[in-house]
Q: 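One structure follows; several queries about it will come next.
Keep in mind that this is a model prediction, so the values were computed, not measured. Reminder, nothing fancy here: chain letters follow the sequence lines and each chain counts from 1.
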Amino acid sequence: MHLLLVDGSGYIFRAFHALPPLSRKSDGLPVGCVQGFCNMLFKLTQDMDGDEAPTHMAVIFDAKGKTFRDDIYPDYKAQRPPAPEELVPQFPLTRSATRAFSIPSIEMEGWEADDIMATYAVMARQAGMKVTIASSDKDLMQLVEPDGSIRLLDTIPRPGQPPLRWIGPDEVMTKFGVSPDKVIDVQALCGDSVDNVPGVPGIGVKTAAELINAYGDLETLLSRAEEIKQPARRQKLIDNAELARISKRLVTLEQKVPVEIGLDGLVRQPMRPSALFPFLKAMEFATITKRLATLLEANPDDFEADPELKAGGSTDVGAPQKSTSLSVAKAKLAANATPGTGPARHAAEEHARVKAIPVDYDAYEIVTTPERLAAWVDKIVDTGRVSIDTETTGLDPQMADLVGICLSTAIGEGCYIPVGHALPGDLLGGGGLVEGQLPIRDVLAALKPVLEDASILKIGQNVKYDMEVLERYGIALAPIDDTMLISYALDGPRYNGMDVLADHWLEHKCISFSELAGTGKNQKTFDQLDIAAAARYAAEDADVTLRLWHVLKPRLSAENATTLYETLERPLAPVLARMEARGIMVDRQILARLSGDFAQRAAAFEAEAHELAGQSFNLGSPKQLGEILFDKMGLEGGTKTKTGAWSTGADVLEDLALKGIPLARTIVDWRQLTKLKGTYTDALPTYINPRTGRVHTSYSQASVLTGRLSSNDPNLQNIPVRTEDGRKIRSAFVAPPGKVLISADYSQIELRVLAHIADIQALKDAFEEGLDIHAMTASEMFNVPVEGMPSDVRRRAKAINFGIIYGISAFGLANQLGIERSVAGEYIKTYFERFPGIKDYMDAQRIRVKAEGHVTTLFGRKIQFPNANSGNPSERAFVERASINAPIQGSAADIIRRAMIRMEGELQRAGVDADMLLQVHDELIFEVPEGAEEAAIPVIKRVMEGAAEPAVRLSVPIQVDAHAAKNWDEAH
DNA sequence: GCAAGGACGTA
DNA sequence: GTACGTCCTTGCA
């Protein structure tokens, strides 16, 4: 008989660095260790067949919480850093994997896995069984028996070594220099820095082994310490005898853990396809699924992926918004977020702990020597985690130069490494660097290994910025966590910005940049600041970022936002960083010509307007215009804005124009031209980066309520398209010679999402059949055949469809269509009758937002409405409309995010050379070599159309149209 | 020099 | 009727 014990927790921690990182394809969930673990279980059961085959088996895990060792020595394992972020979701998954393989998964509160394994090993040996412990943990070496009855088996994959390696008495001798029964005596002397076992200071493994071999055991050694010849060693042993005894108790494994399951309960069970395949499918492990299918002679297709574990499964991602799920959602809310239950309590405790630690500016360090820099690098390696912020000469990550880097590895600490502070320059330029700074090359060379180390987490606030800056200095920052994105995943864009986050969560007011550098045109750039003052500001940033991370990160699991963050937020940041870095080419000449054209035509309109008004006035002033139209000319039907000024919006002027006021038309035309000139033809060329010759927008990933991106500096998401003049501007966005642009856009994505979420059969059928959706709507509403339908009928239906998405009101629809409110009300009534389901959906959102303060997208993104129960009726009505729109707009936004996250990898896998440049809500713009568009378009369409899956299986087809051309206007 | 309001470009 | 960002004027400091 043979008992096989697997050290589950040990495997996860040790395999993490040995295995290549692996993400679940459909949503990016890290699963590398889970896969390694499954492979290991498979291998163990395969390789140990015949006489070696285990008859009994269990996987043992560490339970959460304290053990008796914490009572003996409070600092035990105290300095061990929290598990790397990528590991956290894998802990529960390895337990699920164990169960999937039909193996007992054992963990006991108050005991470490090692103690449980020791207990079972001894029990089994006494019962005459052979024991194998699958672990390479040196603490378990004390259990090895010289007769081979208890052995260890190292299963951590290592390149160039066999997958399974035995550890017997010889290997223990190599490691500790003693036989297994003396291992604990050696450990008692040499201690263990990882677990914080003190040992005797100054005594290492070699000396310890020498002493134990000479004196036999620890107690004999301590009682005869006086005899030791070396005076320093003798004194150390005498002084620290008690520390050695405590250390021995810490490292000695308990062999009498009161296990609930006896050896009989560990008898090996055959693997069951019904347990195995739902798990493997949910993890999307194709290879091992295939191998086990062959082994078990089963067909995996007979089984569905475990709904609790699969991407977008119900454990974390919010339940789809069917009205019946309201009570379920409430129950989940209560179960997960009540203070006092595990994760929520932990988050609250962390918050209280971190908030209580005051910020101490004097604790910050300015790093100016190679030694101190090396010390900080060591610190980062030790903790496996660092918060980082880069200070630069400006706000544009594609232009700004690096001035300094700040780091923090522990709350209350921080350092600033100045590298680019400049002496005051003259008109001709800079006056060189301030003395005392380390050379930037040396600093970057020293930091590069840790900043790129896959096992060291880099924490930042708006990390995308730092990634772009550092990329230009040859550093690929990864892996990352972003406090801004964590906050966004939890609370939406409410507390954007580090100062606001610090104020809200830490009740700490950060030094503001303006109090350091001034404001306005005399504002200093960071390189002109005094290093000492800059250091306080900069190191505070790193310190505060780390504090925020400690406060916010635990809330992700407590509030079920981990999947959202890890699949829809964090992986998008590096994608956006690359898009921003690529930029897009803009033809300066086209814009210059247009600008001249627009200027001339605008001037003509201006003269005409002055003529018609009978006086000169500023056409750009709505105030002056209103006074001329409604006071001086005395026109009827003017309305006032909420501030009491005359309303002169385009719709008002359009009305006046129809009533025969030519001035109104002239103003409308003038405004259009000056808008295009001011915002686009004149402004865009100023954004061309001299280094790259291209325009680099900046995407904000965390500022839109619904989960959309926004674009600024410049905004490339509102480049004109609707008018002929506008499209001329769009045609100035071009591909460089030898390349073409591809524009791929989702067709009617929001209406399709609506059809799915609200479960509207008629809409779903129409999309299934590929009908013109607005014409179909018109035909249903107004009983007009689609064939030969008047364009106005279709236009009305289109307005209604959009109205539904926007949370329709009779008032708004009437306004839009220029019809009576009562007529608009009738339209809406008819719509609800023809498309049953819409009204239910809308009511469900209204109820939900009032009851819970938020609504959710298909992918679990919460959209908060803090004033859903406002006393102000118009505010309430506004929230109702927004809460109807938000799941639709937000689900569509989540879908294109998923497409973007997958896109680069899929293009690469397909061997297609294509660069993703821009996103405009439902459209992606790529740049590809001429001739590659034929290959690129099918890949792009496939990724975009399949982006929701497998997290969500939409009940409507998703359609993407893609075209290639030399400029954006023609590609669109 | 700055903030607010109005207007208008996009999905 | 939803969601944004930018430009310009205005009014106040």
Side-chain angles (χ1 to χ4, degrees), chain A residues 492-493 514 518-523 617-626 640-653 667-668 670-680 682-684 687 697-700 703-723 725-727 729-730 745-746 748-751 754 799-817 821 824 827-828 842 845 855 863 865 874 877-890 892-893 896 918-923 972:
Chain A
S514 52
T519 56
K521 68 177 166 62
N522 291 321
Q523 187 173 53
F617 70 103
N618 185 349
L619 274 71
S621 166
K623 184 168 177 279
Q624 292 178 31
L625 176 64
K640 298 279 183 83
T641 66
K642 58 176 178 275
T643 56
W646 289 111
S647 186
T648 68
D651 49 345
V652 175
L653 297 182
I667 299 288
V668 167
W670 179 88
R671 277 186 182 164
Q672 189 192 35
L673 281 173
T674 53
K675 174 78 177 181
L676 294 179
K677 182 173 185 296
T679 309
Y680 303 103
D682 289 352
L684 273 174
Y687 284 101
T697 185
S698 173
Y699 287 102
S700 174
S703 61
V704 180
L705 200 63
T706 55
R708 275 188 177 182
L709 303 177
S710 74
S711 157
N712 57 66
D713 301 313
N715 182 354
L716 296 187
Q717 290 182 323
N718 71 344
I719 299 305
V721 71
R722 289 176 191 175
T723 64
D725 281 328
R727 281 194 297 277
I729 291 165
R730 193 165 272 235
D745 70 303
Y746 283 106
Q748 308 288 2
I749 182 79
E750 294 193 346
L751 275 176
L754 170 71
I800 297 168
N801 276 333
F802 277 102
I804 295 291
I805 290 170
Y806 296 153
I808 202 158
S809 77
F811 181 85
L813 185 62
N815 245 341
Q816 174 71 27
L817 289 178
R821 205 148 99 200
Y827 283 3
I828 295 169
M842 292 183 157
Q845 300 314 310
V855 292
I863 296 131
F865 291 98
S874 71
F878 176 80
V879 167
E880 286 186 8
R881 292 193 299 271
S883 69
I884 288 163
N885 172 258
I888 303 169
Q889 187 184 114
I896 196 167
L918 303 179
Q919 188 251 39
V920 192
H921 307 309
D922 64 359
E923 174 187 14
H972 186 70

Q: Using the side-chain contact (heavy atoms from CB on, under 4.5 Å) rule, take A:I888 and A:Q845 through it: C-alpha gap first, then chi angles, then the decisive distance, then the call.
A: CA-CA 11 Å; A:I888 303 169; A:Q845 300 314 310; over 6 Å; no
Q: Check the pair A:E923, A:H972 against side-chain contact (heavy atoms from CB on, under 4.5 Å), reporting the backbone distance first and the verdict last.
A: CA-CA 9 Å; A:E923 174 187 14; A:H972 186 70; 3.0 Å; yes
Q: Who pairs with A:W646 by ring-ring contact (aromatic ring centres under 6.0 Å, His included), at least two apart in sequence or on another chain?
A: A:F630
Q: Between C:dC4 atom P and A:L716 atom CG, what is the distance in whole Å?
A: 18 Å
Q: Could you tell me how far apart A:I884 (CD1) and C:dA3 (P) are, to the nearest whole angstrom?
A: 12 Å
Q: Rounded to the nearest angstrom, tell me the gap between atom CG in A:N715 and atom P in C:dA3.
A: 17 Å
Q: Would you mind classifying the nucleic acid contact of A:T519 as base, sugar-phosphate or nothing, using non-hydrogen atoms under 4.0 angstrom?
A: sugar-phosphate
Q: Could you list where the contact with chain A starts and ends along DNA chain B, reading 5' to 3', using a 4.0 Å heavy-atom cut-off?
A: B:dG1 to B:dA11
Q: Determine yes or no for a side-chain-to-main-chain donor-acceptor pair under 3.5 angstrom, with A:T697 supplying the side chain and A:P714 the backbone.
A: yes
Q: Specify the separation, in whole Å, of atom CD of A:Q889 and atom P of C:dC4.
A: 7 Å
Q: With respect to the side chain of A:N718, which nucleotide from C:dG5, C:dT2, C:dG1 is positioned closest?
A: C:dG5
Q: Under the rule for ring-ring contact (aromatic ring centres under 6.0 Å, His included), what residues qualify as partners of A:Y827, not counting sequence neighbours?
A: A:F782
Q: Would you call A:V704 and A:P493 a side-chain contact if the rule is heavy atoms closer than 4.5 Å?
A: no
Q: At 4.0 Å (heavy atoms only), tell me whether A:G803 reaches a base, stays on the sugar-phosphate, or touches nothing.
A: base
Q: Using the side-chain contact (heavy atoms from CB on, under 4.5 Å) criterion, which residues pair with A:S809? Sequence neighbours excluded.
A: A:F811
Q: Atom CG of A:L813 and atom P of C:dG1: how far apart are they, to the nearest Å?
A: 10 Å
Q: Could you tell me how far apart A:L751 (CG) and C:dT2 (P) are, to the nearest whole angstrom?
A: 17 Å
Q: Side-chain donor-acceptor pair under 3.5 Å between A:Q919 and A:Q717, yes or no?
A: yes
Q: A:A683 near the nucleic acid: base, sugar-phosphate alone, or nothing, with a heavy-atom cut-off under 4.0 Å?
A: sugar-phosphate
Q: Which whole-number value in Å describes the distance from A:I749 CD1 to C:dT2 C1'?
A: 16 Å
Q: Would you indicate what A:Y680 reaches in the nucleic acid, counting non-hydrogen atoms under 4.0 angstrom: base, sugar-phosphate, or nothing?
A: sugar-phosphate
Q: Rounding to an integer number of Å, can you tell me how far A:N801 CG sits from C:dG1 C1'?
A: 14 Å
Q: Looking at every strand, decide which applies to A:A886 at a 4.0 Å heavy-atom threshold: base, sugar-phosphate, or nothing.
A: nothing
Q: Considering only nitrogen or oxygen atoms on both sides, find all protein atoms under 3.5 Å from nucleotides 9-12 of chain C and state each distance.
A:
{"residue": "C:dT9", "atom": "OP1", "partner": "A:N618", "partner atom": "ND2", "Å": "3.4"}
{"residue": "C:dT9", "atom": "O3'", "partner": "A:S621", "partner atom": "OG", "Å": "3.4"}
{"residue": "C:dT10", "atom": "OP1", "partner": "A:S621", "partner atom": "OG", "Å": "2.6"}
{"residue": "C:dT10", "atom": "OP1", "partner": "A:Q624", "partner atom": "NE2", "Å": "3.2"}

Q: Counting any heavy atom closer than 4.0 Å, what does A:R722 reach on the DNA or RNA strands: base, sugar-phosphate only, or nothing?
A: base
Q: With a non-hydrogen cut-off below 4.0 angstrom, is A:A877 in contact with a base, only sugar-phosphate, or nothing?
A: nothing
Q: By the 4.0 Å heavy-atom rule, please label A:Q816 as base, sugar-phosphate, or nothing.
A: base
Q: Can you list, in residue-number order, the parts of residues 705-714 of chain A that come under 4.0 Å of DNA chain C, counting heavy atoms only?
A: A:L705, A:R708, A:S710, A:S711, A:N712, A:D713
